[in-house]
Amino acid sequence: MTVERLQRLQERAVRDGLDCIALVPGANLLYLTGLSFHLSERPVLAFFPVDAPPAILLPALEMPKLETALCALDPFPYTDEEGPALAFHQASVTLELAEARIGVEGLRMRLMEARYLERYAPGCELVPADDLLSDLRACKDAREVAQMRRAVEVVEAALRATLDQVEVGMTEREVAGLLTVEILHAGGEGLPFEPIVVAGPNAASPHARPSDRPIRAGETIVIDCGAVVGGYASDITRTVVLGGLPGEMERVYEVVREANAAGRRKAGPGVPAEAVDQAAREVIEAAGYGEFFVHRTGHGLGLEVHEPPYIVAGNPEPLRPGMTFTVEPGIYLPGQGGVRIEDDVLITPTGAESLTTFPRDLIIL
Ligand code: CO
Ligand code: CO
């Protein structure tokens, strides 16, 4: 598996005229090597030359991790006392990085790593390779899809268990805490992001944070949460209510539900990503709420919780079998509340499948 991934990386790097790809800790490094580190003040940088085996510069204390790597990496370790300068120099000389065109992650590499490279690989050119790297990971294989299915199952079980416990008067933060515990309890290795539980006026902001405000009856409660399984993320949203909903919000709920369904119906192989956004948006615009749908319809999902393909106007990229992304239209009425329904969708050879199975009918607790 890893050999195949490394080959694809090298082929594309050659095609783009690169001599080497250099990766910091994150999804790309995990995908290619099975290694996960966190980005800290101690630099970790893996090198994938187009014509030589991979190598990695890392703190000496992290050396044991290399035994779990899916491929062999030549190590350039450094101790805390030494610092990384000599290791950068040695890696640069061994891998002939001076004057090289090095593909890097423009969205992740920090000025620290860039400056070390420019200093110890004189004349090197750092080239953003984000598109190449995300395209490498865009179509999930059967093993990856299985992990994502499991990540969805876990978060759905956790959401179900949490909804059983929600009562009027609990604060948003209390419910978010319950949800966090239930996600780990249901088998999540971790959370791809802190759960969003927002109610009433607070739900009118798509990325509001849970507050200490007690939840009241009749308010929409937007719950956006995910789980990580095998490194892969799920990301789902349901909107629920305690008691009943006032008239307009009930209508808003139905519009969002129809927009979500229209987006999922549109998705399929060969369909431009932006057409899915358009299908969902048209429903909301036709109902007169266009100005209150303030974000794109969705984002790719995988080892990262936001990755290509972005389901947004202006992205003509055709969807391909194995791509996984969210469909998450929402309507946000300032001062009143919000509704969002988010599913995780897989493109199949013949259409699209929702990995999310949680009911989309309004849930009245
Ligand atoms: Co979400
Ligand atoms: Co999302």
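Each ligand, and each atom within it, is numbered from 1 in the order the structure gives. Just so it is clear, the model here is predicted, and its values are computed rather than measured.
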For the residue pair H306 and H299, does the interplanar ring angle fall in the parallel (under 30°), tilted (30 to 60°) or perpendicular (over 60°) class? tilted
Could you tell me whether the side chain of E113 reaches within less than 4.5 Å of the side chain of L39, counting heavy atoms only? yes
Got a donor-acceptor contact below 3.5 angstrom from the D212 side chain to the T171 backbone? no
N/O/S atom of H299 under 2.8 Å from the Co ion (ligand 2), yes or no? yes
In short, S354 meets R360 closest at the heavy-atom pair OG-NH2, 3.2 Å
With 2.8 Å as the threshold, which protein atoms of type N, O or S lie near the Co ion (ligand 1)? Leave waters out. D224 OD1, D224 OD2, D235 OD1, E342 OE1
With side chains defined as the heavy atoms from C-beta onward, is the minimum distance between F293 and V256 less than 4.5 Å? no
Side chain proximity check, I223 to L163, heavy atoms < 4.5 angstrom: yes
